[in-house]
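In what follows, a structure is listed as structure tokens, so that the remarks can point back to it.
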Amino acid sequence: MTTKVDYLTAKRTIDDRALDRRVWDRFVDALPDRNRDDPVRIVEVGAGVGSMISRLAAWESLPEAVSYRAVDLDSSCVTAAHERLPHWLEDAGYDVESYGEGLVASRVDGGTETHLEVTLEVADGFALDDDADAVIGAAVFDLVDLESTLARVRGLLRDGGVLYAPITFDGGTRFAPAHPLDGRIERHYHRHMDEIRDQPGSSRAGRELLEAAPKCGFDVVAAGGSDWLVHSRDGHYPDDEATVVEHVLETIEGALADYPPSILEPSTRDQWLETRRTQLDRGDLVFVAHHLDVVARV
Ligand SMILES: C[S@@+](CC[C@H](N)C(=O)[O-])C[C@H]1O[C@@H](n2cnc3c(N)ncnc32)[C@H](O)[C@@H]1O
């Protein structure tokens, strides 16, 4: 079995390729310019292992002075972020000092200093009290009730603040080579997200976010597609990307197991999964997932 921490760590290179750079630029341009006495305040909800902080640093997209509050419900993710983020920021050219709750990092480039203070917390990010310039929720808005969550995000933001919601799942889980059961498996998997699992959320969250944001007081300023594409080169998947596909297969397996045999025979499910795992082992499997990136202002 894959772990969530391994999955989130491994998906970073896939997200890096997938993110819509035009939408990314609109988000980065929307961040105000401030100094260390009054840093730009960013809250990231569902920060996972800290990939987005690290990406903002590596892509030189952080404003000059930033106070970054990274929150996740899952303590294993926050522990992993504590361990990994200092190294990732050092790789991006930052000097890093860690302390109990987080870290302070700075980088000097051609006379310009970027100063970053990060706190890492285990909490429900949508129940926080804050006054942020930006809220980030990457691959999170498909796991929540959209309208009530957007109302909470509204409460976290200053007037004029910005929400960045990249990698919001939007109803596509595709594999190649084609298998006769693909359509049925995808329908059952997505229906599980919509109607069966205990957690709220939707398999069409990307489109629903675009509809819900204006109703909740947001102005959508940019949106675009951020599809994942995982395929092998010379029979090998790059970095640790096979872990992501295996994790998705395990998630599909768990979802399908909730259907009674009258709807989906266990032998049918197992046959599809076995075929996909064999193809993954051989480097023959291609995986595509459809997402949307959204930037919206209050
Ligand atoms: C699919 S993961 C994405 C993690 C990270 N943003 C990334 O893209 O690598 C979703 C994360 O959101 C967290 N999460 C979901 N609801 C949350 C909430 N209300 N507050 C804080 N974290 C939450 C989960 O624990 C999980 O780690």
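FYI, the numbering just counts along the sequence from 1. Start at 1 and go down the list; that is how both ligands and their atoms are numbered. Values in this document were obtained by computation on a predicted structure and should not be read as measured data.
Side-chain heavy atoms closer than 4.5 Å link hydrophobic residues (I, L, V, M, F, W, Y) into clusters, and following such links, possibly through other members, connects Val135 to Val144. No path of Ile, Leu, Val, Met, Phe, Trp and Tyr side chains, each step under 4.5 Å between heavy atoms, connects Leu19 with Val45, placing them in separate hydrophobic clusters. In terms of hydrophobic clustering, with Ile, Leu, Val, Met, Phe, Trp and Tyr side chains grouped at heavy-atom distances under 4.5 Å, Trp228 and Leu143 are assigned to different clusters.
In this structure, atom 5 (C) of ligand 1 lies nearest to the protein heavy atom Gly46 O, 3.3 Å. Taking atom 2 (S) of ligand 1 as the reference point, the nearest protein heavy-atom neighbour is Leu8 CD2, 3.8 Å. Nearest protein heavy-atom contact of atom 19 (N) of ligand 1 is Asp124 OD1, 2.8 Å. Scanning the protein heavy atoms around atom 17 (C) of ligand 1, the nearest turns out to be Leu73 CD1, 3.4 Å. In terms of protein heavy-atom proximity, atom 20 (N) of ligand 1 is nearest to Gly125 N, 2.9 Å. Looking only at heavy atoms of the protein, atom 3 (C) of ligand 1 is closest to Ala138 O, 3.6 Å. At the shortest separation from atom 1 (C) of ligand 1 among protein heavy atoms lies Ala139 O, 3.3 Å.
Contact annotation: for Ala127 versus ligand 1, there are no heavy atoms closer than 4.0 Å. Residue contacts with ligand 1, taken as heavy atom pairs separated by less than 4.0 Å, do not involve Val144 at all.
The Ala123 neighbourhood of ligand 1 comprises atoms 20 (N), 21 (C), with distances under 4.0 Å to a heavy atom of that residue. Within the listing of ligand 1, atoms 10 (C) sit less than 4.0 angstrom from a heavy atom of Leu143. Below 4.0 Å from some heavy atom of Phe126 lie the following atoms of ligand 1, by number and element: 19 (N).
Proximity of Val294 to Thr168: side-chain heavy atoms (C-beta onward) are nowhere separated by under 4.5 Å.
In this structure, of Asp72, Val49, Leu128, the residue bringing a heavy atom nearest to atom 13 (C) of ligand 1 is Asp72. Looking at Lys11, Lys4, Met52, it is Lys11 that brings a heavy atom closest to atom 8 (O) of ligand 1.
Annotation: cation-pi pair Arg184/Trp272 absent, no NZ/CZ under 6.0 Å from the ring centroid and within 45° of its normal.
Once rounded to the nearest 0.5 Å, the distance linking CG of Leu31 with CD1 of Ile42 reads 5.0 Å. How far CZ of Phe126 is from CG of Leu150: 8.5 Å, rounded to the nearest 0.5 Å.
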Determine, stepwise, if the pair Asp239 / Arg12 fulfils salt bridge (charged side-chain N to carboxylate O under 4.0 Å, His left out). CA-CA 10 Å; Asp239 299 295; Arg12 175 161 165 198; over 6 Å; no

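Side-chain atoms of Arg36 never come within 3.5 Å of backbone atoms of Pro39 as a donor-acceptor pair (strictly under, hydrogens ignored).
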